[in-house]
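Below, read A as the first sequence line, B as the second, and so on, with proteins coming before strands; counting in each chain starts at 1. None of the values given here were measured: they were computed from a predicted structure.
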Amino acid sequence: MTQRQFPLDLRQSAGSGPEPLDDGALILRGHASSHAADMIAQIRRMARQSPFRRMTTPGGGSMSVAMTCCGLRGWCSDAHGYRYEERDPLTGQPWPAMPEGWRQMAVAAAAMAGYEGFAPDSCLINGYRVGARMGLHQDRDERADAPVVSLSFGLPAIFLWGGLLRTDPLRRIPLLHGDVVVWGGTTRLAFHGIAPLRKGDHPLTGPCRYNLTFRRTA
DNA sequence: CAGTATCA
DNA sequence: TCAC
């Protein structure tokens, strides 16, 4: 069975152009919404191969967000620390391949933010249920000379966007279904997080939110 | 915000 | 410590 490809059209929703977030960071409102149903179906298919799981942090805590990955390497956390693994520790098998359409979408989004030649080799898939959150952190486990591209699907969330210091002031930015965020350059290591997901019901995802983040790990 | 918990 |  051939995998469905989708065309590379990061359509702008009516009237909204790129929205600057910070130096080297921007938000593309609704640009992924036209492919949302397909991508959500792919996420669910992928999760049958590499299931969503809640990882443990080095300190022993359990993350409220459920995760799985696709691509050449997947982000993993356990008591020993954070790292990228070429195989899913849960199955011992390689992660599902990154769909070509996903890759193209991430590359196009990065280019719109000024990052030409983005070559993502990993996509972290976060599943938020009501109440799930992501504490303030930096993405430091992959190449910082490549941007991070983030797609949001399903329930809205409040994106916490800070600076290079944990103590820098935070902005609270709503991220809605189909929104794309790109950050790199001087803000690549900015602290960020997600406020506890508020209850709701989305026609495509029900009571949850999916977030895909594309990175270059090697 | 300090103390604590703790996977495979 | 990407938790609580």
Side-chain angles (χ1 to χ4, degrees), chain A residues 21-22 25 27 43 47 49-71 73-95 106 120-175 179-184 186-199 208-218:
Chain A
L21 170 64
D22 209 331
I27 304 178
I43 290 169
Q49 183 179 334
S50 275
F52 281 99
R53 82 295 306 264
R54 289 172 53 185
M55 297 184 187
T56 299
T57 57
S62 175
M63 301 181 75
S64 55
V65 176
M67 301 174 161
T68 185
C69 302
C70 69
R73 276 171 286 281
W75 187 83
C76 295
S77 175
D78 62 20
H80 306 301
Y82 309 140
R83 64 193 169 277
Y84 277 90
E85 293 280 5
E86 296 186 354
R87 285 171 178 272
D88 179 350
L90 207 59
T91 64
Q93 296 302 122
W95 299 97
D121 59 4
S122 177
C123 176
L124 174 59
I125 304 168
N126 290 329
Y128 291 76
R129 299 185 57 163
V130 173
R133 67 170 75 185
M134 184 67 74
L136 258 200
H137 68 282
Q138 299 169 294
D139 289 4
R140 308 193 57 136
D141 307 310
E142 55 287 298
R143 290 180 56 131
D145 56 353
V148 173
V149 174
S150 158
L151 313 194
S152 295
F153 294 115
L155 290 183
I158 301 292
F159 187 44
L160 307 171
W161 180 253
L164 296 178
L165 304 175
R166 188 177 282 278
T167 50
D168 283 339
L170 285 182
R171 290 160 61 190
R172 297 170 61 87
I173 297 158
L175 289 184
D179 286 352
V180 179
V181 184
V182 182
W183 68 95
T186 58
T187 53
R188 173 61 179 74
L189 294 177
F191 279 88
H192 60 281
I194 290 287
L197 197 76
R198 302 192 53 166
K199 73 174 176 227
C208 75
R209 167 179 189 260
Y210 293 115
N211 177 65
L212 311 184
T213 49
F214 296 84
R215 310 114 184 282
R216 178 74 188 187
T217 65

Partners meeting salt bridge (charged side-chain N to carboxylate O under 4.0 Å, His left out) with A:R73 (sequence neighbours left out): A:E86, A:D121
Which residues share a salt bridge (charged side-chain N to carboxylate O under 4.0 Å, His left out) with A:R188, sequence neighbours left out: A:E142
For DNA chain B, the dot-bracket pattern of Watson-Crick and G-U pairs whose distances stay under 3.5 Å, | for other-strand partners: ..|||...
Partner set under side-chain contact (heavy atoms from CB on, under 4.5 Å) for A:D141, not counting sequence neighbours: A:W75, A:Y82, A:Y84
Residue list, side-chain contact (heavy atoms from CB on, under 4.5 Å) with A:D78, at least two apart or on another chain: A:H80, A:R83
Kindly give the atom pairs (protein nitrogen or oxygen, nucleotide nitrogen or oxygen) under 3.5 Å for nucleotides 4-7 of chain B.
{"residue": "B:dA5", "atom": "N1", "partner": "A:G59", "partner atom": "O", "Å": "3.2"}
{"residue": "B:dA5", "atom": "N3", "partner": "A:G59", "partner atom": "O", "Å": "3.1"}
{"residue": "B:dC7", "atom": "O4'", "partner": "A:T56", "partner atom": "OG1", "Å": "3.3"}

Pair listing, side chain to side chain donor-acceptor pair (under 3.5 Å) test, anchored in residues 153-169 of chain A, at least two apart: A:D22-A:W161
Side chains of A:L160 and A:R172 in contact at under 4.5 Å (non-hydrogen atoms): yes
Atom-pair distance (CG on A:D141; P on C:dT1), nearest Å: 12 Å
Partners passing salt bridge (charged side-chain N to carboxylate O under 4.0 Å, His left out) against A:R143 (at least two apart in sequence or in another chain): A:D145
Gap between atoms CE and P, on A:M134 and C:dT1 respectively (whole Å): 16 Å
Pairs touching residues 122-135 of chain A that satisfy side chain to side chain donor-acceptor pair (under 3.5 Å), sequence neighbours left out: none
Sugar-phosphate, base or nothing in reach of A:N126, heavy atoms under 4.0 Å: nothing
Sugar-phosphate, base or nothing in reach of A:S62, heavy atoms under 4.0 Å: sugar-phosphate
For atom NE2 of A:H137 and atom P of C:dC4, their distance in whole Å: 14 Å
